[in-house]
Every structure is written in C-alpha cells, then in structure tokens.
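In what follows, a single structure is set out as structure tokens and then discussed.
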Amino acid sequence: IDDIKGLTEAGFDVNDLLERSARIFFLQVFRDGFFHADMHPGNMFVDADGIFSRYTVERMLQGFEDGRTGAVCGDDRPVNLNRVQTRMLAFISHIGTGMVRRALTMIGCLPIVSGNIGAFPRNVVEEIGLFREDTVGEDLELTWRVHKAGYRVVFAPRALVYAESPSTVGALWRQRVRWARGLLQTMAVHKGMIGNVRHGRFGAYLLFNAITMVVLPVVQILVLLDLAFLFALGYSPLGGDAWAVLGWLGIIVTLVLTVCALGMNRAWKDLRHVWVLPLIPLYSVFTSLTMVAALGQELRGKEARWNKLT
C-alpha cells in the first residue's frame, strides 16, 4: 500500500484510496467498536477535545512523501471564539502556526509536532520510543527525538483540527507556563543537540530557538523594568516621536505578516478579529513573563502538572 508509484501506474487513485482507508478505520473504531491490532503502519495522536475536518486524516497521510518523513504535524484552530482573548489567539495563531511552521518545514527545522494532532510511522516510533512521562512537553521532546534519529518533520497546513483555546487569563497563564517548562525540560534532556553541527541545520536552529525562546524573554522583561524605572525618574531614552514611530512600525509589520498568514491559510474571515491587534504587544510581554515564571519553577524544582482549560 506504500508503493505509490506502482499504485498510480496500475490506475488507482491514491487520494481516493487514502480517504477510503481512513474512513474504514474510523468506522471500525468509532461505529463498530472493533479495532484490528495492526491494520496500518502508523500512529496518530490527537487531544480528546480535537475535532477533525472531513479531510484531516487524508491531508495528514499525504504529508508522508517518502521514507525520510518521521512525523507530520497538522494545523490546530480555536473554536471557542466567544471572548476577546480567544479571538486574539485565533488571529495570531495564523502567524505562529500557519506561517512559522511552513517556513520551518522548508528549512527542515520544525521543532514540534503538536499533541493536538500528529502522525508518526510505526517503524519510527518503534525505533525512538513513545512519549516520555517525565516531562510536560512530551510532544516537543518526541519531535526532537525524531530529528535526532535523522528523519524529517513536516507541517500539513490543510490537516485541520478544531479545539478550544484557554478562555481566561488564568488558564492561558497556566498553559503557557506549562509549555515553557516543557521546552526547558526538553532542552535539559537533549542539551547535547543544541548548537551541535552533527544534527545539521536543526542543531543550529535549536541554539537560535534557545536564545529567542528563553534568553530574549528574560531580556525583554529586564528592559521593560529598566524603562519603567527611567520613566519614573522623568527620563526617556527616546523622544516621544521615536516611541510613536516604533509603535506604529510594530503594528504595521504585525498586520502585514498576519494578512499574509491569513492568505496562506485561506482564512480571510478571521480578519473580522483585526481589532485585537493592539493587544499583541501585551501578549508578547505576557508570554515573556510565563518563561520567567517557568525558569523560576524549574530552578525551585516545583512539580509540573497539566491543568484544565477553564
């Protein structure tokens, strides 16, 4: 069934075969309550609250272009768009997920197959093992092992899964701190990969990722505290016009990137949430604070645990 060339030459429609195979499998499991122990050579992981579109499984399977592909990641979209916060998360997810994951796939450096939706060939899982239970970033850690074993990790932007986003500030804080701690724990497990040229571009990317995701958030908070102190003393390192230029420049760049990301995702209807754009700088500070909190908790050895999205 994995001989795509042979199937095509024999006159079979490969996409139709994929769709039929996926439908047969899910009918067996969810309608008939029957599951054959080894009817397909792969494993798919999805959160319990995830809802697939009609073509999600087909699009995921299409991501396995060759034997070098060790994992495929889908695209998760928020569904609870009834609050300002969830609308903001839906708006900016097009950049963070749609655009960034496309770019990272192109350079072979996609660092995570989200626990929301991910697929792995059986032989890869047998080679590298399943999820670890000693980290709250188990999906991130597993993806790094896929890279370490020499496989490709790709993003399937049309493989959509719909799920809830945190609807309160407290829930969002707990989720982002957990994600940050998952990154720190994964970095500790695989510290030998960070900046290691033996892992090619991915090793170099991990060094860049460590700087941008761990070091720069701490620097951002320190700079903001320093600026607040200077302002309290009546001194501004930049004139009022300079601050205005920087502010407008940030908004314009963010808007352009978002519009491009919406175009890639064919999600123009989400432009209706453009009014949340001024909240993004506050969200940036918020995420930096979660990394600072995560660093503190890791240094103290605080127990890491999952939390409900409430």
Side-chain angles (χ1 to χ4, degrees), residues 47 50-56 59-60 62-63 71-119 139-140 143 152-167 172 175-176 179-180 183 201 205 208-209 212-213 216-217 220 246-288 290-291:
D47 283 347
I51 301 174
F52 286 3
S53 74
R54 177 182 177 184
Y55 302 105
T56 298
R59 298 291 188 263
M60 289 290 286
Q62 289 174 347
V72 174
C73 176
D75 190 0
D76 48 298
R77 304 281 178 86
V79 292
N80 53 329
L81 305 179
N82 57 343
R83 299 195 179 188
V84 173
Q85 177 173 296
T86 54
R87 291 173 181 174
M88 179 196 69
L89 294 173
F91 190 69
I92 64 177
S93 70
H94 292 292
I95 297 179
T97 301
M99 178 177 284
V100 173
R101 288 185 180 178
R102 277 183 173 91
L104 291 173
T105 295
M106 290 180 65
I107 63 174
C109 294
L110 183 60
I112 184 170
V113 172
S114 171
N116 274 2
I117 177 171
D139 48 1
L140 181 68
T143 308
R152 295 170 60 244
V153 178
V154 303
F155 175 54
R158 300 286 181 260
L160 303 180
V161 60
Y162 300 91
E164 290 191 6
S165 289
S167 57
L172 182 62
Q175 183 193 65
R176 293 321 196 243
W179 287 3
L183 172 60
R201 284 174 293 182
Y205 169 77
F208 171 79
N209 188 64
T212 57
M213 299 297 292
L216 288 187
Q220 180 187 34
L246 289 175
W248 281 109
L249 181 62
I251 290 176
I252 292 172
V253 170
T254 303
L255 181 59
V256 170
L257 289 175
T258 304
V259 170
C260 291
L262 289 172
M264 291 179 180
N265 284 344
R266 304 174 187 175
W268 295 113
K269 66 179 182 179
D270 281 349
L271 273 174
R272 70 188 188 275
H273 305 310
V274 70
W275 54 271
V276 303
L277 195 63
L279 298 177
I280 293 179
L282 295 177
Y283 176 72
S284 174
V285 176
F286 178 87
T287 54
S288 292
T290 62
M291 176 53 73

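None of these values were measured; they are calculated from a predicted model.
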Work out which heavy atom in [X] is nearest to a heavy atom in [Y]; give both atom names and the distance.
| X | Y | result |
| --- | --- | --- |
| Leu271 | Phe91 | CA-CE1, 4.5 Å |
| Arg102 | Arg158 | NH2-NH1, 3.3 Å |
| Thr86 | Asn82 | OG1-N, 3.6 Å |
| Ala90 | Leu81 | CB-CD2, 3.5 Å |

With distance as the sole test, does [X] use its side chain to make a donor-acceptor pair with the main-chain N or O of [Y] at under 3.5 Å?
| X | Y | value |
| --- | --- | --- |
| Arg77 | Tyr162 | no |
| Arg83 | Ser167 | yes |
| Arg272 | Lys269 | yes |
| Asn116 | Asp75 | no |
| Thr143 | Asp139 | yes |

When you compare the side chain of [Y] with that of [X], does any pair of heavy atoms fall below 4.5 Å?
| X | Y | result |
| --- | --- | --- |
| Leu89 | Tyr283 | yes |
| Thr290 | Trp179 | no |
| Leu110 | Tyr205 | no |
| Cys73 | Arg101 | yes |

How far apart are the C-alpha atoms of Asn209 and Leu183, what are their side-chain angles, what is the distance that settles it, and do they pass the side chain to side chain contact (heavy atoms under 4.5 Å, CB included) test? CA-CA 10 Å; Asn209 188 64; Leu183 172 60; 3.9 Å; yes
State whether the number of non-hydrogen atoms from other residues, nucleotides or ligands found under 6.0 Å of Tyr55 atom OH is greater than 12. no
Could I get the full list of ring-ring contact (aromatic ring centres under 6.0 Å, His included) partners for Phe286, not counting sequence neighbours?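 Applying ring-ring contact (aromatic ring centres under 6.0 Å, His included) to Phe286 gives Trp173.
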Would you please say whether a donor-acceptor pair under 3.5 Å links the side chains of Ser53 and Thr56?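 Looking only at side-chain atoms, Thr56 and Ser53 do form a donor-acceptor pair, the distance falling under 3.5 Å.
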